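The structure displayed is predicted, hence computed values, not measured ones.
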Amino acid sequence: MVIGLTGGIASGKTLVSSMLQDRGAHIICADAISRELLAKKSPVLELIREAFGDGVFQQDGTLDRKALANIIFETEFERKRLEAILHPLVFEEIFKRIYKLKRAQEDPIIVVDAALLIESGLYKCMDKVWVVISSEQMDRLIKRDKLSEDEAKKRLNAQLDTERRLRHADAFIDNSFGLDRTEEQVEELFTQLKGGIAANG
């Protein structure tokens with residue numbers, strides 16, 4: 001069973017992913033794969049340099065993530081340029097890891113944690129889609145990333161809104177009411193999922 005887990009920035013998707021991992025799910029994180037691809041000396045960096053210039057790099061040759069973020073959250077065109085470079089490579093690695101887990105274990109529960117699961121079309125390859133939502137995204141984003149309100153709004157507006165994301169959801173977790181309530185929802189969904197797998201097995 002492959003679950004696509006998604007949610008808006010600062011919604012608590014990473015928290016939910018961690019809770020699922022604690023329950024035995026195998027986590028494949030698209031963002032972590034992206035970071036691996038953008039590590040120092042990665043050949044992908046040259047594609048980034050060609051597309052966005054030397055200004056998105058530090059003096060030591062590492063990617064200046066903040067500088068790149070300032071560009072890609074300014075216009076949809078710039079975001080699409082970056083996605084065109086990264087998405088095919090990230091997807092390839094995700095599918096490799098899914099295949100490897102399925103070969104190694106019978107009926108594993110695999111969670112693909114991906115912020116752009118819906119927008120990229122990756123959700124079509126999932127058995128189920130779970131969406132994390134929260135009414136506190138703006139405050140969390142400002143505090144977490146030390147952004148101005150205007151910068152936070154740009155990042156939120158660059159993503160799919162919650163209503164459209166939920167149209168593709170088989171279930172959602174509302175992370176607006178504290179850690180304990182989020183944990184309860186995760187436990188309920190995970191228990192239902194394991195029960196369904198056992199019944200079908």
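- L160 CG to R167 CZ: the interatomic distance, rounded to the nearest 0.5 Å, is 8.5 Å.
- Here the shortest heavy-atom pairing between S134 and R140 reads OG-NH1, 2.9 Å.
- Taking every heavy atom of both residues into account, L20 and I27 meet most closely at CB-CD1, 4.4 Å.
- In this structure, the side chains of E74 and N70 stay at 4.5 Å or more apart for every pair of heavy atoms.
- If you take CD1 on I3 and CG on D113, they are separated by 12.5 Å, rounding to the nearest 0.5 Å.
- A side-chain donor-acceptor contact under 3.5 Å links Q137 to the backbone of I9.
- The shortest distance between side-chain heavy atoms of K102 and I110 falls below 4.5 Å.
- With a 4.5 Å cut-off on side-chain heavy atoms, L189 and Q192 count as touching.
- Looking only at distances, no side-chain donor or acceptor of E93 sits under 3.5 Å from a matching main-chain atom of L89.
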Yes or no on side chain to side chain contact (heavy atoms under 4.5 Å, CB included) for I71 and F52, after CA distance, side-chain angles and deciding distance? CA-CA 9 Å; I71 292 173; F52 298 98; 4.0 Å; yes
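- Closest approach of V111 to A25, counting heavy atoms only: CG2-CB, 3.9 Å.
- For the pairing with S17, the side-chain contact (heavy atoms from CB on, under 4.5 Å) check across L5, I28, V132 returns one residue only, L5.
- Atom CD1 of residue I48 and atom CD1 of residue I85 lie 4.5 Å apart, to the nearest 0.5 angstrom.
- Of the inter-residue distances, the one linking M138 atom CE with R155 atom CZ reads 11.5 Å to the nearest 0.5 angstrom.
- Note on ring orientation: taking the six-membered ring where Trp is involved, the planes of F91 and H87 are parallel (angle under 30°, cut-offs 30° and 60°).
- Panel note: side chain N175, backbone S11; a donor-acceptor pair is recorded below 3.5 Å.
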Can D54 and R49 be said to form a side chain to side chain contact (heavy atoms under 4.5 Å, CB included), step by step? CA-CA 6 Å; D54 294 334; R49 192 184 297 275; 2.9 Å; yes
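- Under the 4.5 Å side-chain contact rule for hydrophobic residues, L179 and F172 do not share a cluster.
- Residue L86 is grouped with residue L47 when hydrophobic side chains (ILVMFWY) are merged at heavy-atom distances under 4.5 angstrom, including chains of intermediate members.
- Note on E119 versus R164: no salt bridge recorded, every NZ/NE/NH1/NH2 to OD/OE distance being 4.0 Å or above.
- In terms of modelled atom types and a separation under 3.5 Å, the side chain of S18 and the main chain of T14 share no donor-acceptor contact.
- Residues satisfying the salt bridge (charged side-chain N to carboxylate O under 4.0 Å, His left out) criterion with D31, sequence neighbours excluded, are R35.
- Under the salt bridge (charged side-chain N to carboxylate O under 4.0 Å, His left out) criterion, E78 pairs with R81, not counting sequence neighbours.
- L116 and I118 fall into different hydrophobic clusters, where Ile, Leu, Val, Met, Phe, Trp and Tyr side chains are chained together by heavy-atom contacts under 4.5 Å.
- Nearest heavy atom pair, residue L45 against residue A39, reads CD1-O, 3.3 Å.
- A donor-acceptor pair under 3.5 Å is formed between the side chain of N157 and the backbone N or O of K153.
- Residues passing the salt bridge (charged side-chain N to carboxylate O under 4.0 Å, His left out) test with E76: none are found, sequence neighbours excluded.
- Of all the heavy atoms in A152 and L141, the pair that sits closest is O-CD2, 3.7 Å.
- Across all non-hydrogen atoms, the minimal contact from L101 to P108 is O-CG, 3.9 Å.
- Atom CG of residue L156 and atom CG of residue L147 lie 9.5 Å apart, to the nearest 0.5 angstrom.
- For the atom pair NZ of K96 and CD of E92, the computed distance is 4.5 Å after rounding to the nearest 0.5 Å.
- A single hydrophobic cluster is seen to contain both Y123 and I98, as judged by linkage of ILVMFWY side chains at heavy-atom distances under 4.5 Å, directly or through other members.
- The closest donor-acceptor contact from the side chain of S176 to the backbone of S135 lies under 3.5 Å.
- Counting heavy atoms from C-beta outward, H26 and R97 have side chains that stay 4.5 Å or more apart.
- No side-chain donor-acceptor contact under 3.5 Å links S148 and D150.
- For the pair F190/I109, a side-chain contact is recorded, criterion being any heavy-atom separation below 4.5 Å from C-beta on.
- Between F95 and V112 the shortest side-chain heavy-atom distance does not fall below 4.5 Å.
- Among D64, L68, L63, the one residue that satisfies the side-chain contact (heavy atoms from CB on, under 4.5 Å) test with F57 is L63.
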Show, in sequence, the C-alpha distance, side-chain angles and deciding distance for L38 and R65, and conclude whether the side chain to side chain contact (heavy atoms under 4.5 Å, CB included) test is met. CA-CA 10 Å; L38 296 174; R65 292 177 176 276; 4.0 Å; yes
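- Residues L193 and K128 have side chains in contact (heavy-atom distance under 4.5 Å, counting atoms from C-beta outward).
- Cluster membership check: L117 does not share its hydrophobic cluster with M1, using side-chain heavy-atom separations under 4.5 Å among Ile, Leu, Val, Met, Phe, Trp and Tyr.
- Salt bridge status for E151 with K154: absent, with no side-chain N to carboxylate O gap under 4.0 Å.
- The side-chain heavy atoms of R23 and V186, taken from C-beta on, include a pair separated by under 4.5 Å.
- For D180, the CG atom is loosely surrounded, since the number of other residues' heavy atoms within 6.0 Å does not exceed 12.
- Under a 3.5 Å cut-off, the side chain of Q185 and the backbone N or O of D174 do form a donor-acceptor pair.
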